[in-house]
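Below is one structure, written out as structure tokens; comments come after it.
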Amino acid sequence: MNIILLGPPGAGKGTQAHRLVAERGMVQLSTGDMLRAARVSGTEMGKQVAAVMDAGKLVTDEIVIGLIAEQLDSASGGGFIFDGFPRTLAQADALGALLESKGASLDAVVEMQVDDEALVERITGRFTCGECGEGYHDTFKKPAVENICDKCDAEGKFKRRPDDNEEALRTRLMAYYKDTSPLIGYYYAKNKLKRIDGLGEIDEVAAHISGALAG
Ligand code: AMP
């Protein structure tokens, strides 16, 4: 099964993708994670996109489509979860063509609906463990022992994304409404769209997604 998790920054796409990977053996393809990895490893492309990402703007279609095309060749498993991709109509067209060229198709597009105020609260409080990637939040999910990761016990390794500040978030939200939200109509017209409430607890949202994928 190949699915897209669609939603604004902070909707919980990454969190829910991790669950689907653990529970269904699916493969998560997050262009945001791929771009951050390119920055850390200091590739030419990584340097090129750094300022764009920190400002909360979209990286070019060419770069992200290239990243996804590479991964579709190498990865397999219980299907793909596209997380943070596509973000423009051009990317959506390219994804359709790429899947078709591999004899595959898209099964569902899950739109995670969360209102703007909740997004700001979620994003400005979030941080992750730099060792294992476990996600935390200042209000909703604090580590049991301050400064130590619940999952891997790493100490002092928590980090925050440079674009998780209010100004960059505003730009990211506007990019979502302007460039990405047209995909809602695009996939509705293709009869792929499933809309779910993304506002509840992680388990509740996961149950909504399972229901949407089963239905
Ligand atoms: P994310 O982790 O999905 O929130 O992405 C972080 C940042 O990476 C975004 O704000 C963009 O600058 C860039 N990015 C990630 N995915 C895409 C995409 N599909 N198209 C354009 N830019 C992207």
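Numbers here simply count residues along the sequence, with the first being 1. Remember, it's 1-based here, ligands and their atoms both numbered in the order they're listed.
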Considering only heavy atoms, does Arg172 approach ligand 1 within less than 4.0 Å through its side chain, its backbone, both, or neither? side chain
Mark yes when over 12 heavy atoms from residues, nucleotides or ligands other than Leu99 sit less than 6.0 Å from its CG; otherwise mark no. yes
Could Lys192 and Tyr187 be counted as a cation-pi pair, given that NZ or CZ must be under 6.0 Å from the ring centre and within 45° of the axis? no
Is ligand 1 under 4.0 Å from a heavy atom in the side chain of Arg161, in the backbone, in both, or in neither? side chain
Under 6.0 Å from the ring centre and within 45 degrees of the ring axis: does the NZ or CZ of Lys190 meet both conditions for the six-membered ring of Tyr188? no
For Ala144, does its backbone N or O pair with a side-chain atom of Asp150 as donor and acceptor, under 3.5 Å? yes
Would you mind running through ligand 1 and noting each atom that sits below 4.0 Å from a heavy atom of Thr31? 15 (C), 16 (N), 17 (C), 18 (C), 19 (N)
Report the part of Lys57 (side chain from C-beta onward, or backbone N, CA, C, O) that has a heavy atom under 4.0 Å from ligand 1; answer both or neither where that applies. backbone
Atom indices of ligand 1, in the order listed, that fall short of 4.0 Å to a heavy atom of Arg36: 2 (O), 6 (C)
Using a heavy-atom cut-off of under 4.0 Å, does the side chain or the backbone of Val59 touch ligand 1, or both, or neither? both
Checking a contact table here: which protein heavy atom is nearest atom 8 (O) of ligand 1, and how many Å away? Met53 CE, 3.5 Å
So the atoms of ligand 1 within less than 4.0 Å of a heavy atom of Gln91 turn out to be 18 (C), 19 (N), 20 (N), 21 (C)
Would you check whether Phe85 has a nitrogen or oxygen atom less than 3.5 angstrom from a nitrogen or oxygen atom of ligand 1? no
Ion pair check, Asp203 and Arg19, cut-off under 4.0 Å: yes
Verify whether one side chain among Gln91 and Asp61 offers a donor that lies under 3.5 Å from an acceptor in the other. yes
Got more than 12 heavy atoms from elsewhere within 6.0 Å of CG, Asn191? no
In terms of hydrophobic clusters joined by side-chain contacts under 4.5 Å, are Phe127 and Met53 together? no
Leu58 contact mode with ligand 1 (heavy-atom cut-off under 4.0 Å): both
Provide, to 0.1 Å, the distance between atom 15 (C) of ligand 1 and the closest protein heavy atom, together with that atom's residue and name. Arg87 NH1, 3.4 Å
Which residue and non-hydrogen atom of the protein lie closest to atom 14 (N) of ligand 1, and at what distance in Å? Leu35 CD1, 3.5 Å
